[in-house]
Amino acid sequence: MATDASTALDTPMVPVAVVHDTGVDTIQLKLEAFNRYGSLKARTAVGLVDALEERGLVWPGIRIVESTSGNLGVALAGVAAERGYRFTAVVDPRTSPALLAGMIALGAELDMVTEDDGAGGYLISRLRRVRELTEGATDRVWTDQYGCPANPRAHELGTGPELARQAGGAMDAVFVAVSTGGTLAGIASYFREHHPECRVVGVDVPGSVAFGGPPGPRVLTGIGSSVRSQFLRPWMYDEHIEVEPGAALAACRRLAAQTGIEVGGSGGAVLAASLRYLQAHPEIRHPVCLCPDSGSSYRQTIFDDDWLTANGLGCALDPWPGGAPLFLRGEL
Ligand SMILES: Cc1ncc(COP(=O)(O)O)c(C=O)c1O
């Protein structure tokens, strides 16, 4: 029986009713934490390793190296172990302790950079380290989630069709968080061709240069980037929305408190972006939020009150004091 991550079942799509000041919407949350290895990046990891195999660049015992903010590291550690490769995750001090522990449990070696990149994060330092480890090496190979076309392809061939199938043709907007841009580019390529009526909205954080613009400090991990996406083109999205980290985390915490559904910070950002978009676009009736991972990976960071306060995000502890929106599991 096959046990590879590529044989994963569809992840669930769960309806949540949102009561705003102005009315009620039903948003479908696609919970990517139900992928093997706990996130959307399981799909990307399988695509990236398949691409190395197709090009004959890996063999038993070789070491795969990748820069990761957490989820891809866990997924690549798992896929590498399944297929007999070694794996080094180049990580940074902001990586969630739970995700670091997940990588180690799956046999990864961690290589921690400590110098921030002067562009709001550690990504440029991590990429420099990956190059040091792989350039000219015969026993190490880089999957390159930032430039390998297998990243968006995994979502064009997998996530996109799965979303459309589950929504039964009724989906009129999809909200997708952006870091490398691979998920958004892949989903957009699928929807532009097969369901061009569906709006595609990218979700980013201030200080990220994924869509261009100047860099700035960022506190959330997984969403946002210190380098411009190599995959995104303007035709792929109708608009992109920047969500302040406080609003993203308030959405995560309120959703968890009211429905028991725990999503990570980028899922919170996507949810907050969708609420903003729905208020401005009442014609959208069937929105879907792609939630990349689970809040359970961030108990020591975004779900920890002291961490929030220490990172200047105490505002997320008292979300929307006026009452609305109210999240209810199911449809109203
Ligand atoms: C936490 C998180 N946010 C956002 C994303 C979207 O990332 P990308 O743009 O690199 O596909 C991912 C990808 O899995 C993720 O794990």
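Whatever order the structure lists ligands and atoms in, that order sets their numbers, starting from 1. Computed from a predicted structure; not experimentally measured. Note that these values count all heavy atoms, side chains included, but never hydrogens, waters or copies made by symmetry.
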Please report which non-hydrogen protein atom sits nearest to atom 16 (O) of ligand 1, along with the residue it belongs to and the distance in Å to one decimal place.
N71 ND2, 2.7 Å

Of all protein heavy atoms, the one nearest atom 15 (C) of ligand 1 is P292 CB, 3.5 Å

Side-chain heavy-atom pair P206, E244 within 4.5 angstrom cut-off
yes

Test item: T88 and I64 side chains (from C-beta on) under 4.5 Å apart, heavy atoms
no

Does V178 have a non-hydrogen atom less than 4.0 Å from ligand 1?
yes

Which part of A177 is near ligand 1, with near meaning a heavy atom under 4.0 Å away: side chain, backbone, both or neither?
both

For atom 14 (O) of ligand 1, closest protein heavy-atom neighbour
K41 CG, 2.9 Å

Closest protein heavy atom to atom 3 (N) of ligand 1, given as residue, atom name and distance to 0.1 Å:
S266 OG, 2.8 Å

For ligand 1, does T183 get within less than 4.0 Å through its side chain, its backbone, both, or neither, judged by non-hydrogen atoms?
both

With heavy-atom distances below 4.0 Å as the criterion, list the atoms of ligand 1 near L40.
13 (C), 14 (O)

Between D117 and R128, is the closest basic N to carboxylate O distance under 4.0 Å?
no

Would you call E132 and R129 a salt bridge, using N to O less than 4.0 angstrom?
yes

Is there a nitrogen or oxygen of T221 sitting under 3.5 Å from a nitrogen or oxygen of ligand 1?
no

Result for side-chain contact (heavy atoms from CB on, under 4.5 Å) between L184 and one of V174, V178, V203, L290 points to V178

How about Y237 and F211: are their ring centres within less than 6.0 Å of each other?
yes

Can you list the atoms of ligand 1 that are under 4.0 Å from a heavy atom of D293?
1 (C)

Would you check if V201 and I241 make a side-chain contact, meaning some heavy-atom pair closer than 4.5 Å?
yes

Ligand 1 contacted by S39 (non-hydrogen, < 4.0 Å)
no

Should the heavy atoms of other residues, nucleotides or ligands under 6.0 Å from CD of E115 be counted, would the total exceed 12?
no

To which protein heavy atom is atom 4 (C) of ligand 1 closest, and what is the distance rounded to 0.1 Å?
G222 O, 3.3 Å

Is the shortest heavy-atom distance from the side chain of H20 to the side chain of L275 under 4.5 Å?
yes

Considering only the protein, which heavy-atom contact is closest to atom 10 (O) of ligand 1, and what is its distance?
T180 OG1, 2.6 Å

Which atoms of ligand 1 have any heavy atom of G181 under 4.0 Å away?
8 (P), 9 (O), 10 (O)

